[in-house]
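Step one of this worksheet: look at the structure below.
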Amino acid sequence: MFIKHIPNAITSLNLLSGCLGVVFAFDGNLKYAGYAILIAAFLDFFDGMAARLLNVSSPIGKQLDSLADMVSFGFLPAVILYQLISQSSGIYNENEWIKYLAFLIAIFSALRLAKFNIDTRQNDSFIGLPTPACALVIISLPYIIERGGFMATIFQSSLSLVILAFILSYLLVAELPLLSLKFKNLSFRENQYRYILVALGIILFAFSNFASIPLIILIYILLSIIQFNIKT
């Protein structure tokens, strides 16, 4: 049946978007590369939804999803970070090899995705930072730099970008329970932290656009810590 191939077709478009984003990133067009990640994230959300609605979930779909995510949310953001370090100032001027540390993001994204596929604890929540969230932090950097100001100065430093690569790599594989944004129902009591995150995210994005993403991800981590600590 044609219907059973719809989710995998959406996943394949996610992969295509990631591949095009890599081309944009290597050409130095980091904003278009960021748009490719956003399109991939949109498709990544809907392929799982389509599989559940059509009741056509399959093992190959799960594996294909991880392979597509590795390109769109692992390799592509690593290339963007590689380009940003190449354009940065500070320790990079005397140590050009540090730009290759950007590919720690690709390595730890692969580990994160491999763990997710075999970890039965991650049905209703995540353990470690999801790869799309990591990718969103990285695509926000060109916008932060373009806006100027104190934060732009920080992320124009190669040392800051390398430190960020290490922090994100650690978070990807950390034994840190994090919220899933899947709403099983509309109950505020059962989804209060999700509603708070969505509301704050919309407000912050309205004021600062893509530059607000690192703060939104930080709030996401803090709300997750609060929720899971209260549960335990």
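No hydrogens, no waters, no symmetry mates; every other heavy atom, side chains included, goes into these values.
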* Distance (rounded to the nearest 0.5 Å) between Ile107 CD1 and Leu101 CG -> 9.5 Å

* Give a yes or no on whether the backbone of Ser157 and the side-chain of Ser89 come within a donor-acceptor separation of less than 3.5 Å. => no

* Please assess Asn14 against Asp47 for the test side chain to side chain donor-acceptor pair (under 3.5 Å), listing each intermediate value before the final yes or no. => CA-CA 9 Å; Asn14 166 3; Asp47 62 1; 4.9 Å; no

* Structure fact -> Heavy atoms of Gln156 and Ile145 approach each other most closely as NE2-CG2, 3.6 Å

* Are Leu15 and Ser72 close enough, and set up right, to give a side chain to side chain contact (heavy atoms under 4.5 Å, CB included), and what steps lead you there? -> CA-CA 6 Å; Leu15 176 58; Ser72 299; 5.5 Å; no

* Partners passing ring pair (Phe, Tyr, Trp, His ring centres under 6.0 Å) against Phe103 (at least two apart in sequence or in another chain) -> Tyr82

* Considering the options Leu104, Leu81, Ile98, which one meets the side-chain contact (heavy atoms from CB on, under 4.5 Å) requirement together with Val162? -> Ile98

* Asked: Can you check whether Tyr220 reaches Ile216 side chain to side chain, under 4.5 Å on heavy atoms?
  -> no

* Has the side chain of Lys115 got a donor or acceptor atom that lies under 3.5 Å from a matching backbone atom of Val173? -> yes

* To do: Check for a donor-acceptor pair, side chain of Arg147 on one end and backbone N or O of Ala211 on the other, with a separation under 3.5 Å.
  => no

* Asked: Rounded to the nearest 0.5 Å, how far apart are CD1 of Ile163 and CD1 of Ile154?
  -> 10.5 Å

* How many angstroms lie between atom CG of Leu215 and atom CE of Met151, to the nearest 0.5 angstrom? -> 9.0 Å

* Asked: Where do Ala165 and Ile105 come nearest, in terms of heavy atoms and distance?
  -> O-CD1, 3.8 Å

* Taking all heavy atoms of Ala133 and all of Leu129, pick out the closest pair and write down the distance. => CB-CD1, 3.8 Å

* Considering non-hydrogen atoms only, spot the tightest contact between Ile80 and Ala25 and give its length. => CG1-CB, 4.1 Å

* **Closest heavy-atom pair and its distance - Ala40, Ser17** => N-OG, 3.8 Å

* To do: Report yes if some heavy atom in the side chain of Leu168 is under 4.5 Å from a heavy atom in the side chain of Pro77; otherwise report no.
  => no

* Does Tyr170 have its ring centroid less than 6.0 Å away from the ring centroid of Phe166? -> no

* Asked: Should Phe108 and Arg112 be marked as a side chain to side chain contact (heavy atoms under 4.5 Å, CB included) after you check the CA-CA gap, both sets of side-chain angles, and the distance that decides it?
  -> CA-CA 6 Å; Phe108 281 87; Arg112 168 75 179 85; over 6 Å; no

* Asked: Between Ala36 and Leu76, what is the shortest heavy-atom contact and its length?
  -> CB-CD2, 4.4 Å

* Main-chain N/O of Gly149 paired with Thr153 side-chain donor or acceptor, under 3.5 Å -> yes

* Going by heavy atoms in the side chains, are Phe126 and Phe116 under 4.5 Å from each other? -> yes

* Asked: Do the non-hydrogen side-chain atoms of Thr11 and Leu43 ever get within less than 4.5 Å of each other?
  -> no

* **Joint hydrophobic cluster, Leu164 plus Phe73, side-chain heavy atoms closer than 4.5 Å** => yes

* Asked: Quick one: does Ser224's side chain have a donor or acceptor within less than 3.5 Å of a partner on Leu179's backbone?
  -> yes

* List the steps and the verdict of side chain to side chain contact (heavy atoms under 4.5 Å, CB included) for Ile225 and Leu176. => CA-CA 8 Å; Ile225 291 172; Leu176 179 65; 4.1 Å; yes

* Asked: Heavy atoms, side chains only, cut-off 4.5 Å: are Cys134 and Leu171 in contact?
  -> no

* Asked: Should Leu111 and Leu67 be counted in the same cluster of Ile, Leu, Val, Met, Phe, Trp and Tyr side chains packed under 4.5 Å apart?
  -> no

* Between Phe210 and Phe205, is the ring centre distance below 6.0 Å? -> yes

* Check whether any side-chain heavy atom of Leu178 sits under 4.5 Å from a side-chain heavy atom of Ile221, and report yes or no. => yes

* Group every Ile, Leu, Val, Met, Phe, Trp and Tyr by side-chain heavy-atom contacts under 4.5 Å, then state whether Val71 and Leu38 land in the same group. => no

* **Same apolar cluster (I L V M F W Y, side chains within < 4.5 Å links), Trp97/Leu159** => yes

* So, does Ser212 use its side chain to make a donor-acceptor pair with the main chain of Asn209 at under 3.5 Å? -> yes

* Nearest 0.5 Å please: distance from the CG atom of Asp44 over to the OG atom of Ser66. => 9.0 Å

* Asked: Can you get from Ile6 to Ile60 by hopping between Ile, Leu, Val, Met, Phe, Trp and Tyr side chains that sit under 4.5 Å apart?
  -> no

* Gap between atom CZ of Phe155 and atom CG of Leu141 - 0.5 Å precision -> 5.5 Å

* Mind checking the CG-CD1 spacing from Leu113 to Ile118? Nearest 0.5 Å is all I need. => 12.0 Å

* Determine, step by step, whether Tyr143 and Lys31 satisfy the side chain to side chain contact (heavy atoms under 4.5 Å, CB included) criterion, reporting the C-alpha distance in whole Å, the side-chain angles of both residues, the deciding distance to 0.1 Å, and the verdict. => CA-CA 8 Å; Tyr143 293 91; Lys31 284 193 173 181; 3.8 Å; yes

* Asked: side-chain contact (heavy atoms from CB on, under 4.5 Å) with Ala106: which residues, sequence neighbours excluded?
  -> Met70, Ala78

